[in-house]
Amino acid sequence: MADCSGSNTCLKKTVKWGIKIWCLCDSLTGYCLAFSVYTGKDDVEGKGLAHRIVMHLLRGYLGQHYHVYADNFFSSIPLVRDLLDNNTYYCGTIRKNSKGFPKQILEPKLTMGESRKVGRDGMMVCRWMDKRDVFFISSSHAGTDQVKQRSKCNSQRISVPDVVIDYNKKMGGVDHLDQFRSYYNVGRTGKKWWKYLFWGFFNIDIINAYIVWQLQLRPLPKCRKTWGLKAFKLSIVHALCDNFCGRQRGVQGINTQGIDFVVIKNLKEGHSLVRFQGRKRDV
């Protein structure tokens, strides 16, 4: 959250199967700022799993006027209120059946491009009609709209709320991280659960290092082969493995045939060297 993008981060729910890791990522670069391994639905405070996860991941960033973007798995009225009390702003989609959702916004029926907004306590809930109704909640938007072209293939111009534009622009942080992790993945499959966590964190560390390295190279050269993720990972391999030989070598400057003499010479007072007869077994 403290790198080039300044003040925007995003959260995203995980896939259904496997070990769940909740990630807080920079919205522009995908840099992983914090993570938490899912260990169960313990809800001591009674505010729900999503609320607990968000507040836990943001514990080092509250009170610094950051903007958080997340999807409807995390969004709720109590969460946005608690973040706002901690000078942290929120923007995301929200489910219409969530606790405290203003039901008056559901009427009347809207046509494409129309929207309805309800504001209270520094928060705004927006209903916007695209192909279907989409619901947003934000504590950082005033409720203004912009006229935009529907798509590159469709010249129709419609009214789009600013909250929708910002959400679509800044919600891709975790997607960037997942995309990078899918390229030239490091790790091996196995039966040990902790190995999956180890290789997962190892890949995240490599991606974070690559993002920082890429930022330092800017402006980037025209030839992508010199600064792409593949080139970066290959450079790590060469740095670790070049000039390495698997053959055993004698210690330079020491006669390995006379190792007993070397050990005896360096024994501390009160100790003596004893040779075991036969094969030594572990007790």
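Keep in mind that the numbers below use all heavy atoms, side chains included, and drop hydrogens, waters and symmetry copies. Along the sequence shown, residues are numbered consecutively beginning with 1. Small disclaimer: the values here were computed from a predicted structure and weren't measured.
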So, taking the atom named CZ in Arg132 and the one named CG in Leu110, what distance separates them when rounded to the nearest 0.5 Å? 14.0 Å

Run the salt bridge (charged side-chain N to carboxylate O under 4.0 Å, His left out) test against Asp166 and tell me which residues pass, sequence neighbours left out. none

What residues, two or more places apart in sequence or in another chain, satisfy side chain to side chain donor-acceptor pair (under 3.5 Å) together with Tyr183? Gln179

For Asn87, the side-chain contact (heavy atoms from CB on, under 4.5 Å) test, sequence neighbours excluded, returns His65

I'd like to check the side-chain contact (heavy atoms from CB on, under 4.5 Å) partners of Gln216; sequence neighbours left out, ordered by chain and number. Val212

Neighbour count above 12 (heavy atom, 6.0 Å) for Lys103 NZ: yes

Rounded to the nearest 0.5 angstrom, the CE-CG distance for Met171 and Asp71 is 4.5 Å

Compare every heavy atom of Leu28 with every heavy atom of His176, then report the nearest pair and how far apart it is. CD2-O, 3.5 Å

Given side chains that start at C-beta, do those of Trp22 and Leu49 come closer than 4.5 Å, heavy atoms only? yes

Rounded to the nearest 0.5 Å, how far apart are OG of Ser36 and CZ of Arg52? 7.0 Å

Can you sort out the partners of Lys117 under side chain to side chain donor-acceptor pair (under 3.5 Å), two or more places apart, ordered by chain and number? Ser115, Asp145

Is it true that, when you exclude Arg81 itself, more than 12 heavy atoms of the residues, nucleotides or ligands shown sit nearer than 6.0 Å to its CZ? yes

Would Tyr31 and Leu217 show up in the same hydrophobic cluster when neighbours are defined by side-chain heavy atoms closer than 4.5 Å? yes

State which residues pass salt bridge (charged side-chain N to carboxylate O under 4.0 Å, His left out) with Asp85; sequence neighbours excluded, sorted by chain then number. none

So, using side chain to side chain donor-acceptor pair (under 3.5 Å) as the criterion, who are the partners of Ser182 when residues are at least two apart? none

Which heavy atom of Lys131 sits nearest a heavy atom of Met129, and at what distance? C-SD, 4.2 Å

Heavy-atom neighbours of Phe232 CZ exceed 12 at 6.0 Å: yes

Indicate if Leu240 and Trp213 have the same hydrophobic cluster label, given that clusters are the connected sets of ILVMFWY residues with side-chain heavy-atom separations under 4.5 angstrom. yes

In the single-linkage hydrophobic clustering (I, L, V, M, F, W, Y; side-chain heavy atoms under 4.5 Å), do Ile94 and Phe73 co-cluster? yes

Quick one: ring pair (Phe, Tyr, Trp, His ring centres under 6.0 Å) pairs with a partner in residues 106-145, sequence neighbours left out? Phe101-Phe135, Phe136-Tyr167

Decide yes or no for Ser75 and Val80: does some side-chain heavy atom of the first lie under 4.5 Å from some side-chain heavy atom of the second? no

Quick one, Lys47 with Asp82, criterion side chain to side chain contact (heavy atoms under 4.5 Å, CB included). Give me CA distance, side-chain angles, the key distance, then yes/no. CA-CA 11 Å; Lys47 295 184 178 181; Asp82 287 348; 3.1 Å; yes

Rounding to 0.5 Å, atoms NZ (Lys225) and NZ (Lys230) come to a distance of 8.5 Å

Which donor-acceptor pairs under 3.5 Å do the side chains of residues 196-211 make with protein atoms, sequence neighbours left out?
residue	atom	partner	partner atom	Å
Tyr196	OH	Gly190	N	3.4
Tyr196	OH	Gly190	O	3.0
Asn203	OD1	Val186	N	3.1
Asn203	ND2	Asn185	OD1	3.0
Asn203	ND2	Val186	O	2.7
Asn203	ND2	Trp199	O	2.8
Asn208	OD1	Cys32	N	2.9
Asn208	ND2	Cys32	O	3.2
Tyr210	OH	Gln214	NE2	2.8
Tyr210	OH	Trp227	O	3.1
Tyr210	OH	Leu229	N	3.4

If you take all heavy atoms of Leu33 and Cys25, which pair is closest and at what distance? CD1-C, 4.1 Å

Just how far is it from atom OH of Tyr90 to atom OG of Ser138, taken to the nearest 0.5 Å? 10.0 Å

Can you tell whether the side chains of Asp133 and Lys96 come within less than 4.0 Å, N to carboxylate O? no

Checking Thr226 now: which residues fulfil side-chain contact (heavy atoms from CB on, under 4.5 Å) with it, not counting sequence neighbours? Pro221, Cys223

Mind checking what makes side chain to side chain donor-acceptor pair (under 3.5 Å) contact with Gln64, not counting sequence neighbours? none

hydrophobic_cluster_shared for Leu215 and Ile236, side chain cutoff 4.5 Å: yes

Restricting to side-chain contact (heavy atoms from CB on, under 4.5 Å), what partner residues turn up for Met55, sequence neighbours left out? His51, Leu62, Leu79, Leu83, Asn86

For Gln146 and Asp162: C-alpha separation, side-chain torsions, deciding distance, then whether side chain to side chain contact (heavy atoms under 4.5 Å, CB included) applies. CA-CA 7 Å; Gln146 298 183 33; Asp162 287 339; 2.8 Å; yes

Look up atom CD1 in Ile53 and atom SG in Cys23, then write down how far apart they are to the nearest 0.5 Å. 11.0 Å

Indicate yes or no: at least one non-hydrogen side-chain atom of Leu58 is less than 4.5 angstrom from one of Val68. yes

Looking only at heavy atoms, what is the nearest atom pair of Ser139 and Leu84, with distance? CB-CD1, 4.0 Å

Could you check if a side-chain atom of Leu24 sits within less than 4.5 angstrom of a side-chain atom of Tyr61, using non-hydrogen atoms only? yes

Do Val147 and Ile165 sit in the same hydrophobic cluster, where Ile, Leu, Val, Met, Phe, Trp and Tyr count as joined when their side-chain heavy atoms come under 4.5 Å apart? no

